[in-house]
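Remarks on the structure that follows.
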Amino acid sequence: MVSPAVAVLLIWMIVPLAMTIWFSFQQYNLLYPDRTGFAGIENYYYFITDFRFQPAIWNTLRLVLGVLAITTIGGILLALLLDQPFWGQGIVRLLVLAPFFVMPTVSALVWQNMFMDPVNGLFAHIAKAFGGDGYDFLGQSPLMSIIIMVAWQWLPFATLILLTALQSLDREQIEAAEMDGASVWSRFIYIILPHMTRAITVVILIQTIFILSVYAEILVTTNGGPGTASLNLPFLVYLASIVDNDVGMGAAGGVIAIILANIVAFFLMRAIGKNLEH
Amino acid sequence: MVSPAVAVLLIWMIVPLAMTIWFSFQQYNLLYPDRTGFAGIENYYYFITDFRFQPAIWNTLRLVLGVLAITTIGGILLALLLDQPFWGQGIVRLLVLAPFFVMPTVSALVWQNMFMDPVNGLFAHIAKAFGGDGYDFLGQSPLMSIIIMVAWQWLPFATLILLTALQSLDREQIEAAEMDGASVWSRFIYIILPHMTRAITVVILIQTIFILSVYAEILVTTNGGPGTASLNLPFLVYLASIVDNDVGMGAAGGVIAIILANIVAFFLMRAIGKNLEH
Amino acid sequence: MGQITLSKVVKQFGEVTVIPPLDLEINEGEFVVFVGPSGCGKSTLLRLIAGLEDTSAGSITIDGVNATDLPPAKRGLAMVFQSYALYPHMTVRKNIAFPLKMAGMSPEEQEKRVKAAAGVLNMNKLLDRRPGQLSGGQRQRVAIGRAIVREPKAFLFDEPLSNLDAALRMGMRLEITELHQRLKTTMIYVTHDQVEAMTMADKIVVLNAGRIEQAGSPLELYKNPKNIFVASFIGSPKMNFVGGQVAKYHNAATIGVRPEHVMLSTSSGPWKGTVGVAEHLGSDTFVHVNTEEAGTITARISGEVVVKHGDTVWLTPMPDKIYRFDAEGVAI
Amino acid sequence: MGQITLSKVVKQFGEVTVIPPLDLEINEGEFVVFVGPSGCGKSTLLRLIAGLEDTSAGSITIDGVNATDLPPAKRGLAMVFQSYALYPHMTVRKNIAFPLKMAGMSPEEQEKRVKAAAGVLNMNKLLDRRPGQLSGGQRQRVAIGRAIVREPKAFLFDEPLSNLDAALRMGMRLEITELHQRLKTTMIYVTHDQVEAMTMADKIVVLNAGRIEQAGSPLELYKNPKNIFVASFIGSPKMNFVGGQVAKYHNAATIGVRPEHVMLSTSSGPWKGTVGVAEHLGSDTFVHVNTEEAGTITARISGEVVVKHGDTVWLTPMPDKIYRFDAEGVAI
């Protein structure tokens, strides 16, 4: 009973991937429908040698690492903070999660128009109040601006997972460390941080998967520019296939993106696998 | 020590939301920068009475419900299947997860050009092999096509969560039910399904949050069309703010979207809260 | 009803033989306890009888019917699991009624039987609670209730008391024994605790590595253990074993003497030693004495003798209570 | 070293007073056991001494120094937790060395002390494993090792054996007692199990609802319980209590007699009854007899008398072993 079902499953899951790979070796441009046939590694060659490819790869990495740094460190600090008993704990915990429920498009628009706008944005108003000048965030530091937007969206997720991990820490371990003479800092380094290792791994890997495919924020705000300053890999795939209408090249870019994502997926699977054993 | 930190936190989390609400009551169109000031509920009025608003709301709901139905039922079936011991279990489990690691843009392109294309798509080829005609999925049934794409992406997530829940079921409960004379079907209805209730809730709520903000797939494939046939709320917000350049109306749409998302968030928080207690 | 016969039953997991060919007869109305150290196969044996594991060879007969290939539900047995295995999302009432519902019984009849079982186990007030709201002892009782309503041919218990604390364990032990006296149904009970085996069983089956080392009444096993394994497993504190010269003198490779059969004197005796730890229980004292001749010997002293750490004492084993074992550990 | 004095110590959680003013003196080198039912405040009391909870009032003096407001680490005490509280991501070696590392000791000195502690507890081979790879008993030993290396003024044990199975519990009980004899350091031990208290303690402190019901040596508590609570808590099986006419005859509201002080006869005696359950332990038999005059009475019979369910027997309490209590439950 199991085998045919598994086979159907494999087809359902695998065929889209196989098709992508197949098309990535085909000539297939919607603007020149007569040019078809096997293209060899031509699509890959053109995609990789495109002047936008290198910046896109670097921007993708910068974006991922930047967001991870902010959300992981910020998430740990927030989790430690929210684990303390204080008045109004329930409401604060709820509010911390709020950004997670704002749609990426909306979030990007809010940041762009209401905070980062060099004339009417909140930051500009604050700068002016102190006698400074409005800073054109999206024009001058487009990638950093996008990192801030994405990090704002993902911080609640990181906080939630890390807080859950923190709350599963056996109180007696902390007490034992206290009796063993460990200071607050030692307890954090030797007991709390090692306990959270797995949760941190999960946060990093899951976020990586999603941040690798950040797209809406870029489209809504900078459109990848100025120049290639905020262009990342998914956006380049989009440009190649939709704007340039070259499906073959888009597929090649897609394959590269999938390989990149699967390297991450490999590690994620191992971490989740360990979790399931546990 | 805790209080000022909590205050800063609140500002960080809340100000973007507050700003959105504030702008939603302002006249603020980038095409007419001289018209500013308080707009009352005008933005809301125009957004809600826009001829595209009603279809967008209905499409959003259809999209969410359609994807949820496919992923939840499919996820339960897959989880039951993958929980059986069979040869090559590890690899199949890994492959099932594959779609989760494909970026939404790439996934949309693959489906559009390689499967659903009425001339060159795989489905068209299959139809022709049986003597049929190519069906223009995205033209004829745009929303259903998008539902299939999104469901394909989210099925692995649902499967993973439900499989994890299934594996946490105490074997002795199943054995007890077996001794109590329960058939396979009775065991599923009375023991397995109730055990998975919480996991199903989590799957439904988390997916709802993400599917409410589906956007890339629509932009890449149908652009909301034909007409308003595949237009959803986040896409309408995008159209209002970016294409029509009306930030005030976009903000009003954003607020409506946030309210919708927060109704869901409320239930999600309760479910997660219960999980944390547990 | 409730006569169970195992004939040449074998259980293998892959290459590993957990139970080599094994024969066992369980009589109607008997309270049989399978006892042994962890990994001895006692739970596997119970699961074979329940039908939760398939036998690799041999046959299981229940009330004269070959049940070897019957599914668990058709064997007419009820099981109480170690984890209790209550259905967490159902009330106690629904938990107990579940087997009846599965048997297609009418709601009125279900309710009647649930009430009856609740009465027997004194838990009428708990019927509308959920398992999560119950204490360990109460859960235990619900699990037994769910077994009772089916009116099975035999009850199977898999270490049912191992999750309870000391005081509760004693009480539940008594309750299960009383239940057996009332229902007179065959019961098969698995435990690693020899005290439970001794106090509850009509017949104890001592298992070791899947083999039956000895089967018999508690006092039979206590008085006439067949080998060192049984001798050391039954009785608390453990029997003292002495080898070497002392054993040779009794024409044995090893001799054993129980703590309650060692007399302690502050003046004379064959084994001289110093008191290590003295455990005062009030009614008795367990004295651990380090002797030159016989190593560390535990003696049980009733009542008032007061000895303390470091005292020099002399021990005398009661001559007619010395067990002798050969080099293979078999009783002579 | 290791003299601890509690003076008028009070602990409140919000509005709830867990421990009303309480005085207690723990002498140097003593093995003190706090025993009582769950919720009696015994663990809270231990945590107050450890410094893990703040006292609401009163003072705690350790070796003449007022330690009431000292943080746990400065009190020079070591604790063994119920869950063992080992650090799961560190090897056994690092677990044991952790307090030394925190004290800034050199790696060589750390290693020397870890080796010494491992030698004492016979676990040299486990040093490179992680807690997850150890059995319950081994974890217990590591937790004790981590306490030993600090050479504390006193050891605090919080129900350390409650997660072990019956056989292991007996062994570890003995080991801890032997450890105390070797180190001669003050030990404070919390348990709900009166057998542990009786066998290990120099001094037992019986707690009930935060109050000390009685403190004294095990035999003192066994022989002269101050009230019904202590009388029923100490001794196994529990003391039999009889009220009504029988007690009035002895000029008391309630009389108590221990199972080991009830004589059973098949011919005559003051209390006639039928045997309910008879638990055969081999060395003894506990017989539960339903009598008309005195309700259900448990009697302990040594050796060979064979009685079974339904037999009619007569019971006689030993006249000089009858405890008398007044209407408030206080011993007369």
Side-chain angles (χ1 to χ4, degrees), chain B residues 72-73 75-76 79-80 83-90 161-205 267-268 270-278, chain C residues 14 43 46-54 70-91 94-105 110 130-132 139 142-160 163:
Chain B
T72 311
I73 296 170
I76 290 172
L80 287 173
D83 195 36
Q84 310 297 321
F86 59 82
W87 189 84
Q89 204 174 22
I161 301 279
L162 295 172
L163 181 60
T164 309
L166 198 57
Q167 289 177 330
S168 76
L169 175 58
D170 183 5
R171 295 301 311 166
E172 288 198 342
Q173 275 182 36
I174 292 289
E175 290 178 350
E178 221 175 310
M179 297 223 45
D180 284 348
S183 63
V184 172
W185 177 248
S186 294
R187 292 205 289 272
F188 176 71
I189 291 295
Y190 293 110
I191 313 296
I192 296 174
L193 213 50
H195 173 77
M196 293 210 290
T197 312
R198 181 166 291 165
I200 293 173
T201 318
V202 169
V203 163
I204 288 179
L205 289 167
F267 290 105
L268 177 56
R270 279 192 21 184
I272 290 179
K274 273 187 196 160
N275 247 330
L276 288 182
E277 276 165 39
H278 200 70
Chain C
S43 280
L46 192 75
R47 292 168 60 83
L48 286 173
I49 295 173
L52 295 171
E53 303 280 356
D54 296 327
L70 283 183
K74 303 271 184 221
R75 297 190 183 196
L77 309 175
M79 184 148 166
V80 175
F81 290 83
Q82 183 170 13
S83 68
Y84 316 138
L86 301 180
Y87 311 128
H89 49 278
M90 297 185 197
T91 60
K94 285 195 179 157
N95 260 284
I96 298 178
F98 189 73
L100 307 178
K101 187 171 172 186
M102 289 300 112
M105 208 170 269
Q110 285 179 34
R130 276 165 194 263
R139 281 182 215 188
V142 175
I144 294 173
R146 193 174 58 185
I148 287 178
V149 282
R150 294 181 55 201
E151 297 177 355
K153 295 175 191 157
F155 291 99
L156 312 178
F157 291 93
D158 189 8
E159 307 222 18
N163 291 328

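Below, chain A is the first sequence line, B the second, and so on; all start at residue 1.
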Which bit of [X] is near chain B, if near means a heavy-atom gap under 4.5 Å: side chain, backbone, both or neither?
{"X": "C:A103", "value": "neither"}
{"X": "C:L77", "value": "both"}
{"X": "C:K74", "value": "neither"}

List the residues meeting side-chain hydrogen bond (donor to acceptor under 3.5 Å, both in side chains) with [X], not counting sequence neighbours, and say none if there are none.
{"X": "C:Q110", "result": "none"}
{"X": "C:E151", "result": "none"}
{"X": "C:T91", "result": "none"}

Does any non-hydrogen side-chain atom of [Y] lie less than 4.5 Å from one of [X]?
{"X": "B:P194", "Y": "C:M90", "answer": "no"}
{"X": "B:E175", "Y": "C:R47", "answer": "yes"}
{"X": "C:R150", "Y": "B:D180", "answer": "yes"}
{"X": "B:I191", "Y": "C:F98", "answer": "yes"}

Are there more than 12 heavy atoms of other residues, nucleotides or ligands under 6.0 Å from atom CG of B:L169?
-> yes
More than 12 heavy atoms of other residues, nucleotides or ligands under 6.0 Å from NZ of C:K153: is that the case?
-> yes
Drop me the distance from B:I174's CD1 to C:L52's CG, to the nearest 0.5 angstrom.
-> 11.5 Å
Could you state the interatomic distance from CD (B:Q173) to NE2 (C:H89), rounded to the nearest 0.5 Å?
-> 7.0 Å
Heavy-atom pair with the smallest gap, counting every atom of C:P72 and B:E178 | CG-OE2, 3.7 Å
Residues of residues 182-190 of chain B with any heavy atom under 4.5 Å of a heavy atom in chain C = B:A182, B:S186, B:Y190
Could you check which of C:K101, C:Q82, C:M102 has the highest count of heavy-atom pairs closer than 4.5 Å to chain B?
-> C:M102
Check for a donor-acceptor pair, side chain of B:E172 on one end and backbone N or O of C:S83 on the other, with a separation under 3.5 Å.
-> yes
